[in-house]
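First up is the structure itself, then whatever we jot down about it.
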Number of protein chains: 2
Amino acid sequence: MRILIVEDTTDVAEAASASLGRAGFACDIAPTLADARACADVTGYAAIVLDLNLPDGSGRDFLRDRRRAGDRTPVLVLTAQFSVEDRVGALDEGADDYLVKPFDLRELEARLRALTRREAGRAENRVVLAGLDFDASAQSLRVGGAAVTATRRELALLNLLIANRGRIMSKDRLFDGLFGFENADVGTNTIELYVARLRKKLMGSGVAIETHRGLGYRLDLDG
Amino acid sequence: MRILIVEDTTDVAEAASASLGRAGFACDIAPTLADARACADVTGYAAIVLDLNLPDGSGRDFLRDRRRAGDRTPVLVLTAQFSVEDRVGALDEGADDYLVKPFDLRELEARLRALTRREAGRAENRVVLAGLDFDASAQSLRVGGAAVTATRRELALLNLLIANRGRIMSKDRLFDGLFGFENADVGTNTIELYVARLRKKLMGSGVAIETHRGLGYRLDLDG
DNA sequence: GCGCGGATGACAGCTTGATGACAGCTTTGC
DNA sequence: GCAAAGCTGTCATCAAGCTGTCATCCGCGC
């Protein structure tokens, strides 16, 4: 984890750097806004510690610029001011946290850990198969890059087939997956219907639903 | 955005709930650890505000349990203690932030905005999308440059849709985000109502709320 | 060729969503 | 405190389009 410390008071910056270094962070120090910009442009950081009082301007401008540019690196602001307005202002301008000087180094360390912690693993429900791009959580379907709309039943069927890709699914099992008890009297023909409708929408995706007579259906790569 | 407030002092909890409600958050209050667990098991929250001193135990246990269980919901800890050890301890146990009592309600609000914003992958409160310009902290909305007034619920809905832009949000999820438990008996038709009202206000913004029958709604660029 | 399982187009019913009007309640301004 | 304004949510009505049935056609395997 690499951290950028934007702070012009050498003592503070070096103390922080040493302390964070011991905690496993690699730190770069930037004593001016210009240095900070140069560093941030060259490499990415897991987080930025930003003093607001700098010799060549206010850290707020730096923060605002980065956010406007779409940069989401977590920023922890250091401030000498106590007023609630200032704190609220900093947070609303895009800071993720702040610390009032003088601060305890252990606390800086803990806060940076909290900020950088949530970088890791987001559960992805997305499946990409040849020209097919299906995201179960967003219920979105793309075929060859183009968004395709599908109804609830169609998506449910697709979901089932994808989850069992490469395996033959009997109509009974598909039926069980698509309909609850209250729909038990729906004709089995319905499955065939939805397979047909899905096939039409998956046209040209490189993925095909094969028919296996007397056995069921299987989704797999085309060809 | 739905928030769980775990706090046994009724005054504090209700003041926070009222203040956050005005800011567009839907709040549930849990006065005990048992209540908190029950709530958290039943529904998901955008963030949890957690007092450490509770009648049936320490909030730390609750926090630790949730993290062990793999839950990453942002947690903001309320504490009466000043010691650095306590603060560091809370952060390292998985809290994302803390506030020392007594705290300013505006600050709680700003910190929760920062926490939920980060979760939604945003670095600042302001979002500009085509002709739509929305600022969550100022609760202000502009369409094609012109200021548009919108009510709290409308803004809350918009905020939710923007945070999940591009994905289909089921009415249930939108409902959970807009209403807490005390409003559980509100008809689901209400969502449709607010979608209609929002659509009217977003007219000509280049952003549209698409209906996906049986699935939910999705906010995306028009076209 | 025949039989059976599967494919598919059309359609009617019905669930789901849209929307205008209204009553209750909250907030705001005085 | 009071009154007015505005926000909220319910209801009823209307529109849309998803669903599943039916009938018919296709094609594989025997």
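Every chain is numbered from 1 and lettered A, B, ... according to where its sequence line falls, protein lines coming before strand lines.
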Q: Using the test salt bridge (charged side-chain N to carboxylate O under 4.0 Å, His left out), find all partners of B/Asp61 that sit at least two apart in sequence or belong to another chain.
A: B/Arg64
(Q) List the residues meeting ring pair (Phe, Tyr, Trp, His ring centres under 6.0 Å) with B/Phe175, not counting sequence neighbours, and say none if there are none. (A) B/Phe179
(Q) Please find the pair of heavy atoms, one from B/Thr151 and one from B/Tyr194, that lie closest to each other, and give the distance. (A) OG1-CE2, 4.4 Å
Q.
Donor-acceptor pair, distance only, cut-off 3.5 Å: does the side chain of B/Arg152 make one with the backbone of B/Gly21?
A. yes
Q: Applying salt bridge (charged side-chain N to carboxylate O under 4.0 Å, His left out), name anything that partners B/Glu107, two or more places apart in sequence or on another chain.
A: A/Arg87, B/Arg111
Which pairs would a plain distance check flag for residues 197-207 of chain A, meaning a side-chain donor or acceptor within less than 3.5 Å of a matching protein atom at least two apart in sequence or in another chain?
| from | atom 1 | to | atom 2 | distance (Å) |
| --- | --- | --- | --- | --- |
| A/Arg199 | NE | A/Ile209 | O | 3.0 |
| A/Arg199 | NH2 | A/Ile209 | O | 2.7 |
| A/Arg199 | NH2 | A/Thr211 | OG1 | 2.7 |
| A/Lys201 | NZ | A/Thr149 | O | 3.0 |
| A/Lys201 | NZ | A/Glu154 | OE1 | 2.9 |
| A/Ser205 | OG | A/Leu202 | O | 2.8 |
| A/Ser205 | OG | A/Val207 | N | 3.1 |
| A/Ser205 | OG | A/Val207 | O | 3.3 |

**Q.** Summary of side-chain hydrogen bond (donor to acceptor under 3.5 Å, both in side chains) pairs that have at least one residue in residues 155-178 of chain A, sequence neighbours excluded
**A.** A/Lys171-A/Glu192
**Q.** Shortest non-hydrogen contact from B/Thr116 toward B/Ala47
**A.** CG2-CB, 4.1 Å
Q) According to the salt bridge (Lys or Arg N to Asp or Glu O under 4.0 Å) rule, which pairs have a member within residues 37-56 of chain B, sequence neighbours left out? A) B/Arg37-B/Asp65, B/Asp41-B/Arg66, B/Asp51-B/Lys101
Q) Can you list every side-chain hydrogen bond (donor to acceptor under 3.5 Å, both in side chains) pair that touches residues 126-145 of chain B, not counting sequence neighbours? A) B/Arg126-B/Asp133, B/Asp135-B/Ser137
Q | chain A footprint on DNA chain D, 5' to 3' - any atom under 4.0 Å from a heavy atom | A | D/dC18 to D/dG27
Q) Is A/Asp96 salt-bridged to A/Arg67, cutoff N-O under 4.0 Å? A) yes
Q. What are the residues of residues 163-170 of chain A, sorted by number, that bring a heavy atom to within less than 4.0 Å of DNA chain C?
A. none
(Q) Treating primed atoms plus P, OP1 and OP2 as sugar-phosphate and everything else as base, which nucleotides of nucleotides 3-19 of chain C get B, S or - for protein heavy atoms under 4.0 Å? (A) --BSBBS------BSBB
Q: Under the salt bridge (charged side-chain N to carboxylate O under 4.0 Å, His left out) rule, collect the residues that match up with B/Asp28, sequence neighbours excluded.
A: B/Arg2
Q) Of all of residues 177-186 of chain B, which get a heavy atom below 4.0 angstrom from DNA chain D, listed by number? A) B/Phe179, B/Asp185, B/Val186
Q) Want to settle it: does B/Thr190 or A/Tyr194 sit nearer the 5' end of DNA chain D, counting the closest nucleotide to each? A) B/Thr190
